[in-house]
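Below: the structure, in structure tokens.
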Amino acid sequence: MIYLFLALIILMLLGGFFCYKKMNLYIPVLMYHRIATVENDRNSLPIEKFAWQLEYLQKNNFNTISLKMLYDFYTKGIKLPKNPIVLTFDDGYKDNFISALPLLKKYNMTAVVFPIANWIGKPNKWENFGKELTTTMNWQDLKSWQENGQEIASHTVEHPFLNNCSRQELLAELSNSKKILQEKLQTSMDFLCYPYGKFDADTVAIAKQSGYKAAFAIFENVNLGKVNIFALPRIPIPSHQSEWEFKLKTSKLFLLFVAMRKWERDLKKWRKK
Ligand SMILES: [Zn+2]
């Protein structure tokens, strides 16, 4: 009996240690879109909420890090500052420049914007599904974004579902967006963000072939078991984000929470079989 008890304790300690190690590898990468108040649009976060979130991060000693720092940590083990976090904005909306940038500067934080190469300084008509019309940052805004210490990375040419693209289309989307941004901004584009978080084996192969070092997806579509540098998970921050949920999403416990939700879903699927 006593041996069984001891074995159980050892098993629990090992399990705890494994979880702790995994959780320590977890660096939250937050995914934002617009910073604006737009009715019925889950991708538009009101500016007051965004300001509260940055203040929360500052009060709790979070340090925003660059994509290169994240990459160096995962590939070379180079140490990061305490409580590292990455802030990202998809699609490069103008309100990121007008509303988010002053707040980022106020809190001394950095973020990455992922503009769509063919939709720079234009109305957001790639979202032809009834969204409120707005515009995106133009080249001058993007240059100013960089001059203010912020980062830019690639998000394809036309924003397609990459998992539905042929290899030829993939090459054009990934390689050309890299070239266009590099030429105009005179900065190396080493990182990629998959539109809608969608990708497959071909996408990863062509991303590597196009010279990217790493790529970002969304939490739901990646394997949480091990870090894949071409499928780095991001956490969506929707318009209705509550304060307690934001606290959970930025804590290391979130990995455990998501893993448990995935297990629950897998178990349900398995039961239905
Ligand atoms: Zn996008």
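Just follow the structure's listing: the first ligand is 1, and inside any ligand the first atom is 1.
- Taking backbone and side chain together, H33 holds no N, O or S atom under 2.8 Å from the Zn ion (ligand 1).
- Among the atoms of D90, no N, O or S atom falls under 2.8 Å of the Zn ion (ligand 1).
- Electrostatic pairing of K143 and E147 does not count as a salt bridge here, judged by no charged N lying under 4.0 Å from a carboxylate O.
- Of all N, O or S atoms in D91, the one lying closest to the Zn ion (ligand 1) is OD1.
- When only modelled atom types and interatomic distance are considered, S154 and Y212 share a side-chain donor-acceptor pair under 3.5 Å.
- For the residue pair Y93 / D91, a side-chain donor-acceptor distance below 3.5 Å is found, with atom types taken as modelled.
- Atom NE2 is the N, O or S atom of H155 at the shortest distance from the Zn ion (ligand 1).
- For the residue pair T203/D200, the side-chain donor-acceptor check at 3.5 Å is satisfied.
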